[in-house]
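Inspection log for the structure reproduced underneath, given as structure tokens.
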Number of protein chains: 2
Amino acid sequence: MKLQPLLKYISNYIDLTNEEIDFLESKITVRKYLKGQYVVQQGDVCKHQCFVLSGCMKTFYVDAEGQEHIVMFSIEDWWTSDMGSFVTQTPADFNIQCLENSELAMFSYDSMEVLFSRIPKMERFFRQIIEKGFAASQKRIVRSFSLSAKEQYLYFREQYPEIEQRIPQYMVASYLGITKEFLSKIKSQLSLE
Amino acid sequence: MKLQPLLKYISNYIDLTNEEIDFLESKITVRKYLKGQYVVQQGDVCKHQCFVLSGCMKTFYVDAEGQEHIVMFSIEDWWTSDMGSFVTQTPADFNIQCLENSELAMFSYDSMEVLFSRIPKMERFFRQIIEKGFAASQKRIVRSFSLSAKEQYLYFREQYPEIEQRIPQYMVASYLGITKEFLSKIKSQLSLE
DNA sequence: AAATAATGTTAATCTTGTTTAACAATTTTT
DNA sequence: AAAAATTGTTAAACAAGATTAACATTATTT
């Protein structure tokens, strides 16, 4: 059924018995969101860890000048949440908004506690997911310091070709930390090479 | 004894029995490093998660042009490792080098597996630590996009006054992603305000 | 106490990327 | 099919920060 992609994803990390899978499923809420809807809003407490079953979302921060800065995109088989808000259950710094109609498998803060006590393997699973996310985030910091805007764009295009097809270009610019005008310039330069 | 700061740190997250503490201690290696020594070198596999008992270290990346980019500093009561390398046991992208004579409590990859099986609470502890690290890393990305160099410097100075006292200014510049000359300019501007 | 190495400063010039603004192309709505 | 909204492009003027190079200061070693 609907949760198949999540179960398959989990099976890459740990093995679960049928009973465990039943229990796991009882702790998950599947929810649909329309394009434009918010999963988390800056200032609210992030109450869930979300696995994307279908659709696409952006995680972004609106700064003091009202400018939007995209931290990450999430598509099928990715996780999304405001981790800082979730772990401390304090107001979120980030917004998570759907860029397409989407379907999410959601683990609430409380249900995760219960899940981890009953199935310690699930704690291992989440630890491993978060380790990966942390490592990826550190590498992103390094790229933003050591690569030019053009190099970062090429890296993004190579790493996430599917994402570039699905989102407007000005959001790619925001993700890369440059203006849409400059990205446009980079692309026209590249097309002449 | 030596591990007291680590045990105190852990007790903020979980409670351990005396037996558990004994077992934990049997899985930790305490090691001294001299100023200048490397804990991890780019290209080697990062084999440990390290808790800083004393001293100070920098985690940095050397790019294709030979330029050094500091990802983080670690002082007493902080953790350090190349998470990406550690979790996949593949060659590290980062170097970790001591800026002072230092003492580290080290958990090897293998010993952590054993530790987690025997004391599942320790897996919870590490999950929580990594969640925090991940959240901090995401916030750093946002700062690097939404703040000017001057604002980032002021933030660093406010957040980590102890670190600024202990390391040369050109390393602060590297951490902020700017040149030492420009940081010098920022500081002279600030002194005139 | 010199000598050397490491760290920090200043200023001129250059580069990368921003801002502004006008316009073009594409989608979506009516 | 027209109108409106969203997205993308171009170019000129500008600003933030890099580079270069010369020099000043502070630590460290001899």
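Every chain is numbered from 1, with letters handed out A, B, ... down the list of sequences. Both backbone and side-chain heavy atoms feed into the values below; hydrogens, waters and symmetry mates do not. Here the structure is a predicted model, which is why all the values come from computation and not from measurement.
Direction of the helix axis in the helix from C:dA1-D:dT30 to C:dT30-D:dA1 shifts by 50° between the two five-pair termini, rounded to 10°.
Taking a 4.0 Å limit (strictly below) on heavy-atom distances, residues 138-146 of chain B does not reach DNA chain C anywhere.
Per the geometry, CG belonging to B:Leu192 stands 13 Å off C1' belonging to C:dT10, to the nearest Å. Look at OH on B:Tyr170: it is 14 Å from P on D:dA27, rounded to the nearest Å. D:dG17 atom C1' lies 13 Å from atom CG of B:Leu176, rounded to whole Å. In this structure, B:Arg166 places its CZ atom 16 Å from P of C:dT7, rounding to the nearest Å. A:Glu68 has its CD atom 13 Å from the P atom of D:dT6, to the nearest Å. B:Leu99 has its CG atom 14 Å from the C1' atom of C:dA6, to the nearest Å.
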List, one per line, each side-chain donor-acceptor pair under 3.5 Å for residues 173-180 of chain A, sequence neighbours excluded.
| unit_1 | atom_1 | unit_2 | atom_2 | d |
| --- | --- | --- | --- | --- |
| A:Ser174 | OG | A:Glu68 | O | 3.2 |
| A:Ser174 | OG | A:Ile70 | N | 3.0 |
| A:Thr179 | OG1 | A:Phe182 | N | 3.2 |

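In summary, the aromatic rings of A:Trp78 and A:Tyr9 are positioned with their centroids too far apart to meet the 6.0 Å limit. Aromatic rings of B:Tyr61 and A:Phe145 (six-membered ring for Trp) have centroids beyond the 6.0 Å cut-off, not under it.
Rounded to the nearest 0.5 angstrom, A:Cys98 SG and A:Glu103 CD are separated by 11.0 Å.
Nearest-nucleotide positions on DNA chain C for B:Met171 and B:Ser188 put B:Met171 closer to the 5' end.
Of the side-chain N and O atoms in B:Gln169, one or more sit less than 4.0 angstrom from OP1 or OP2 of C:dT9.
Its side chain within the 4.5 Å cluster rule, B:Met106 clusters with B:Tyr33, B:Val39, B:Val40, B:Val52, B:Met57, B:Ile96, B:Leu104 among the Ile, Leu, Val, Met, Phe, Trp and Tyr residues.
A side-chain donor-acceptor contact under 3.5 Å links B:Gln169 and B:Lys187.
No cation-pi contact links B:Lys150 to B:Tyr153, judged by a cut-off of 6.0 Å to the six-membered ring centre and 45° from its axis. For the pair A:Arg124 and B:Phe116, the NZ or CZ position fails the cation-pi test of under 6.0 Å to the six-membered ring centre and within 45 degrees of the ring normal.
Residues B:Phe126 and A:Met112 share a single hydrophobic cluster, defined by chaining ILVMFWY side chains whose heavy atoms lie under 4.5 Å apart.
Taking the ring-ring contact (aromatic ring centres under 6.0 Å, His included) definition, one finds that B:Phe94 meets it with nothing, sequence neighbours left out.
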Evaluate the criterion salt bridge (Lys or Arg N to Asp or Glu O under 4.0 Å) for residue pair B:Glu76 and B:Arg166; output intermediate values, then yes/no.
-> CA-CA 12 Å; B:Glu76 290 79 12; B:Arg166 288 166 72 168; 2.9 Å; yes
Whether each nucleotide of nucleotides 11-30 of chain C has a protein heavy atom under 4.0 Å at its base (B), only at its sugar-phosphate (S) or at neither (-) is summarised, 5' to 3', as ------BBBBB---------
